[in-house]
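Okay, structure first, notes after.
Note on naming: letters A, B, ... go to the chains in the order of the sequence lines (proteins, then strands), and numbering restarts at 1 for each one.
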Amino acid sequence: MRHRLYPLEDLEDIPGTTVFTAKRSRQAYHLHKFCMSLMDAANREAFKQDERAYLDRFRMSEEQKQAVLDRDFSRLIDLGGNIYFLVKLSNTDGWSTQKAVGSMTGMTADEYAAMMRAGGRSPEGQRSIRDNLK
Amino acid sequence: MRHRLYPLEDLEDIPGTTVFTAKRSRQAYHLHKFCMSLMDAANREAFKQDERAYLDRFRMSEEQKQAVLDRDFSRLIDLGGNIYFLVKLSNTDGWSTQKAVGSMTGMTADEYAAMMRAGGRSPEGQRSIRDNLK
Amino acid sequence: MARITAGIATSHVPAIGAAIDNGKTGDEYWAPVFAGYDWTKEWIRDNTPDVVILVYNDHASAMMLDIVPTFALGFAEEFEPADEGWGARPVPTVINDTDLAGHIAEQLVIDEFDITIMNDIKVDHGLTVPLSLMFGQPSEWPCKVIPLAINVTQFPTPSGDRCWQLGAAIRDAVRSFPEDLTVQVWGTGGMSHQLQGPRAGLINPEFDNAFLDNLTSHTTALRHITRLEYLRQAGTEGIELIMWLVMRAALGKSVEELHRFYHVPASNTAVGHIVLKALD
Amino acid sequence: MARITAGIATSHVPAIGAAIDNGKTGDEYWAPVFAGYDWTKEWIRDNTPDVVILVYNDHASAMMLDIVPTFALGFAEEFEPADEGWGARPVPTVINDTDLAGHIAEQLVIDEFDITIMNDIKVDHGLTVPLSLMFGQPSEWPCKVIPLAINVTQFPTPSGDRCWQLGAAIRDAVRSFPEDLTVQVWGTGGMSHQLQGPRAGLINPEFDNAFLDNLTSHTTALRHITRLEYLRQAGTEGIELIMWLVMRAALGKSVEELHRFYHVPASNTAVGHIVLKALD
Ligand SMILES: [Fe+3]
Ligand SMILES: [Fe+3]
């Protein structure tokens, strides 16, 4: 038996980061099923015609549906979502991945784009919640 | 690198036996897709209504289609099929697995059933084609 | 701490499921088959585990066409019985223990098993027939079940020794789970049978009984039976016996044989069944 | 005898694919990115392999919902590009070499990798963007491609060291294939990036450049970077770098660095690219 090289809880010690686990995948299963359905042009059309009616085809939680309607990607991550599924939604909207990703940072799209052009977010102070408290 | 404990060709040295490989699985991909479609009652109904028309929905070879129509399980194995897929067809017909399996042995259903009741086919002389030639 | 208390192995012939579902267990043909399980049905009433890790192979019901995983762990909350061509078996929905399954997945990957997680599968006779044999016809299964499907059909199949290593790793994983749970591991499939070609109907009682004899204390020999040897000796579908090795390895070094049964035939197959108690 | 002659690693950012497909490679933003690939495009014209084993991760396009395999080998004859929400990329169909893929599958299972065979997948930007970067916009890809998908998204993901072992086993498998074939192994993904949460946009040039520096001759350190460390240092999606280790291990002990490129940013990501020649 090999031992973990770190306690599993340490995955929760990274600032502003949610690790996508098998458990979270279960929580978002129907949300993700909706996202993957958008890989079909006819489904994208149906979704655009009536978002709410389209969402009601899926056994997602009401919170998940509302977060989709709000394009609230931070909330969708909270509710179990993973970005690789969620970009099917932002792609459907014609958003760039940068716009979708930047929307979770509390910055405007322009601010986020400028930060990326300037070299991105520095890892300083971003490695460990525990260390930051020291 | 671990070495094979036997030459791969030896898998072809077993009398009356076809080993199901990834390659054979490719050969029978559309045949097997047909078989798995019979796991749905509506599809079984459609197949029973017009077997030929139903088969034409699938990109199977003509030989595979004919062997399905003939319920020629030996031929279906020759054409890449694996029994776990093929029993979906015999189950659809209401055949027992024993009837489907026995149909490949050249025995009548009664003869095969009697052999099984009497303890089955002995492995003597059934282990190796090479050894049988010695 | 969770602990593995016992292991059960049994054939999982679909015709056995049909005999149960159609009320034929008392028929002349079937009565001797079911008699072999009477002891276990009695025993398990007092020894129902919290969770069964049920090692089985999917028979082209949920996998095998588009996806052929070597080792697949079921990770949905529930699993419905598959319709294998004559309607789904009238058996209860299988309920998973996703906490334990998640822990096992974590630990197996750390232990360098390259498992596949399946989030949506229907379970076929390979899983449901053993449940029916042990628990009869309840309205709900009396325990949770973690499905663990092994590819025994499409070559390359994993070696018996790899299955043994998997069983040993499952043992470690269960023992490191903090919840206080009683777990059984069941290995299904076998014994000798071949379902294809002119050689169909092959039964090898000598091989089968040697396997049963060695399963308790002479396991080294069993670990090293090659895939070729299973096919030669036990038929193309007799290779399902590698799943019994997962069960046996999960029990640890010492086991006690509580019950054993061997009978020919059920449909095309030799029926084998054994109950082992973990002593370590 | 087949031999692995070279390895290529590159980021596989979807926006790079969009820039190519929409004719924006000369734009001010994109020109410096594509300049980094000019050397390789030239080099590969004279060094086109018969087969590329392309190590990538599926981004919830063909897997991840119902099935999450640790290591998945593509085994269809052809693979169409996936529609990731804005139509499929206008790139050629990917053609497999099923003979070599079948041999690798056989050998990997003997070597105790528990691979999953995928008989029907669409391939997403993780696989098609690297092809576009190296080969431009041909009407057909100039070589066959064996897709090898690795789970880098849903924990538990395989360790870097397990990926290294996989690469080493692929090397052995290719070298034992009797046909006279030239094979390249490509590792894709990375470098540092994070696509979620308030920490999104993280870029760590120090970590990335150390990784590039060590990839040629100081690989032991790279093998033992933990999953946690990747997340801390390189962002949640920076862990894609474990796929570079499969490529590197497949090249054997000694390699020569032929070309290297590093640039920030492409969309949310640090772009890294390296070409290594196998010397053994
Ligand atoms: Fe079976
Ligand atoms: Fe990626």
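For A:Leu38, the part sitting under 4.5 Å from any heavy atom of chain D is the backbone (N, CA, C, O) and nothing else. The parts of D:Thr153 that come within reach of chain A are both its backbone and its side chain, each placing non-hydrogen atoms under 4.5 angstrom from that chain. Contacts of A:Met39 with chain D are made by both backbone and side-chain atoms, with heavy-atom separations under 4.5 Å. With a 4.5 Å cut-off on non-hydrogen atoms, D:Asn57 touches chain A through its side chain but not through its backbone. Heavy atoms closer than 4.5 Å to chain A are found nowhere in D:Glu206, neither backbone nor side chain. Both the backbone and the side chain of D:Ser61 come within contact range of chain A, with heavy atoms under 4.5 Å apart. Contact annotation for A:Met116: both backbone and side-chain heavy atoms come within less than 4.5 Å of a heavy atom of chain D. Heavy atoms closer than 4.5 Å to chain D are found in both the backbone and the side chain of A:Arg117. With a 4.5 angstrom heavy-atom cutoff, D:Ala200 touches chain A via backbone and side-chain atoms both.
A side chain to side chain contact (heavy atoms under 4.5 Å, CB included) with D:Met243 holds for exactly one of D:Leu148, D:Leu54, D:Ile150; it is D:Ile150.
The pair A:Arg71-A:Glu51 counts as a salt bridge, with a side-chain nitrogen and a carboxylate oxygen less than 4.0 angstrom apart. Using a 4.0 Å cut-off between charged nitrogen and carboxylate oxygen, A:Asp131 and D:Arg232 do not count as a salt-bridge pair. Taking 4.0 Å as the cut-off between side-chain N and carboxylate O, A:Glu63 and A:Arg75 count as a salt-bridged pair. By the 4.0 Å N-to-carboxylate-O rule, A:Asp56 lies close enough to A:Arg52 to be salt-bridged with it.
Side chains of D:Tyr262 and D:Asp208: a donor-acceptor N/O pair is present below 3.5 angstrom, by distance only.
Scanning residues 102-114 of chain A against chain D with a 4.5 Å heavy-atom cutoff picks out A:Met104, A:Thr105, A:Tyr112, ordered by number. Proximity to chain A at a heavy-atom threshold of 4.5 Å picks out nothing from residues 122-134 of chain D.
Comparing D:Met64, D:Gln154, D:Gln194, D:His193 by heavy-atom pairs within less than 4.5 Å of chain A, the highest count is held by D:Gln154. Comparing D:Val264, D:Asn204, D:Leu65 by heavy-atom pairs within less than 4.5 Å of chain A, the highest count is held by D:Leu65. Heavy-atom pairs under 4.5 Å with chain D were tallied for A:Ile77, A:Leu11, A:Leu5; the largest tally goes to A:Leu11.
A donor-acceptor contact shorter than 3.5 Å is absent between the side chain of D:Ser267 and the backbone of D:Thr269. Distance alone, capped at 3.5 Å, places no donor-acceptor pair between the A:Asn91 side chain and the D:Trp86 backbone. For the pair A:Lys88 (side chain) and D:Ala60 (backbone), a donor-acceptor distance under 3.5 Å is present. A donor-acceptor pair is defined here as one N or O able to donate and one able to accept, closer than 3.5 Å; no such pair exists between the side chain of D:Gln196 and the backbone of A:Ile83. A:Asp10 places no side-chain N or O within 3.5 Å of a backbone atom of A:Asp13 that could act as its donor or acceptor partner.
Between D:His273 and D:Phe261, a ring centre-to-centre spacing not shorter than 6.0 Å is recorded.
The aromatic rings of D:Phe113 and D:Phe71 sit tilted, their planes meeting at an angle between 30° and 60°. Aromatic ring pairs are classed by plane angle as parallel below 30°, tilted from 30° to 60° and perpendicular above 60°; the pair A:His32 and A:Phe85 is parallel.
In plain terms, the two heavy atoms of A:Ser122 and D:Leu202 that are nearest each other are O-CD1, 4.1 Å.
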